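Structure, as structure tokens:
Since this is a predicted model, take the numbers as computed values, not measurements. Each ligand, and each atom within it, is numbered from 1 in the order the structure gives. Values below: all heavy atoms of this structure, side chains included; hydrogens, waters and symmetry mates excluded.
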Amino acid sequence: MDYYSVRMRAAAGGAHEAGGQHISGGERLVGAEELEATVQKLLRRALTHELGQPDFVNLTVEKVASADVTQLPALPVTQREVQSVCEGHAAAVEELLQAGVALSAAQKAVALLVQGPAPHGGVMRGAIVMDADTGARLESDPARGVRVTQLDWEPRALAGWKQRMSRLGTAHERVAEALALATKVTAAADTVAELCWSDDPGYVGGYVAAKSIGYVRIPQLKEPGSPLGGRVFFVRGIRNVQEYEAALQAPVLIVEQTEQRGEQA
Ligand code: PML
């Protein structure tokens with residue numbers, strides 16, 4: 001069976017390429033029977049985002065041969081309890097250190113997401129790529145960053161994950177999407193860890209993820225109403241960002257979620 005990669009990005013004030021402000025995006029990898037519904041769902045997401053009405057929406061559909069799709073088991077999920085944004089940031093730095101990121105790089109990444117990592121202080125369309133040891137930013141275009149494309153859950157695996165997580169109150173689509181992305185990013189050979197928090201003004205949570213620590217949710221990483229957030233991919237030993245980004249764009253399906261010791265949410 002072939003798959004279809006469906007990508008959406010929406011901006012206000014013109015296309016992203018023309019300096020428009022990024023509003024929302026989405027990535028799916030679905031079978032033919034889900035294609036139309038998926039396009040509709042992503043278009044609806046673009047048109048109903050809390051940041052406002054876009055005047056540019058790019059929707060791309062591409063066929064992907066099933067032989068090209070890699071299957072990956074989702075990272076285990078745990079959660080840190082924090083009482084404030086400040087505690088959330090401290091927890092994020094602690095988890096990043098645990099995953100092997102240098103303290104100065106972890107602190108710099110948190111500060112960048114707080115201030116808005118795009119050149120004029122807004123959100124980026126993609127992620128920052130940061131040297132895990134020096135904290136140097138490596139992405140060639142700091143407004144665009146790098147994008148992760150062609151990923152999704154295998155439908156039965158997602159249903160199983162949701163069922164298991166619903167007992168724990170964490171079966172949300174947003175978490176499932178973020179977990180799929182984090183699983184793909186952290187599986188890439190040169191990724192040390194990922195830090196993310198939402199740029200949605202109505203959602204203040206995020207996570208730190210790495211192969212060694214799994215997906216660690218942190219429920220408070222910014223103040224309600226803030227439109228600032230984003231992703232930082234910490235890397236070690238990449239030859240160039242183009243090759244690294246190419247690895248993040250190879251098709252991946254999340255296929256199994258084995259219950260792991262210590263998983264909780
Ligand atoms: C997003 O807004 O989609 C990015 C952040 C997702 C955090 C999901 C979680 O709470 O685990």
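Contact analysis puts V175 in contact with ligand 1, with a non-hydrogen atom separation below 4.0 angstrom.
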Carefully, step by step, assess K41 and E34 under the rule salt bridge (charged side-chain N to carboxylate O under 4.0 Å, His left out).
CA-CA 10 Å; K41 214 167 153 189; E34 275 190 274; over 6 Å; no
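Salt bridge R80/E87: absent, no basic N to carboxylate O contact under 4.0 Å.
Counting only heavy atoms from C-beta outward, the side chains of L43 and M8 never approach each other to under 4.5 Å. Residues Q53 and L47 meet the side-chain proximity criterion, which asks for heavy atoms closer than 4.5 Å.
The ring pair (Phe, Tyr, Trp, His ring centres under 6.0 Å) check on Y207 picks up Y215, with sequence neighbours excluded. Among residues two or more places apart in sequence or in another chain, the salt bridge (Lys or Arg N to Asp or Glu O under 4.0 Å) test is passed with D55 by none.
Using a 4.0 Å cut-off to heavy atoms of R217, the atoms of ligand 1 that qualify are 9 (C), 10 (O), 11 (O).
When E177, R174, R231 are checked for heavy-atom proximity to atom 1 (C) of ligand 1, R174 turns out nearest.
Taking distance alone, with nitrogen or oxygen atoms compared against 3.5 Å, S198 approaches ligand 1 more closely than that limit.
When non-hydrogen atoms are compared, ligand 1 lies under 4.0 Å from the side chain of A178 (C-beta onward) but not from its backbone. Residue contacts with ligand 1 for C196 involve side-chain atoms from C-beta outward but no N, CA, C or O (heavy atoms, distance under 4.0 Å).
Considering only non-hydrogen protein atoms, atom 8 (C) of ligand 1 sits nearest to Y215 OH, 3.4 Å. When only non-hydrogen protein atoms are considered, atom 10 (O) of ligand 1 lies nearest to Y203 OH, 2.6 Å.
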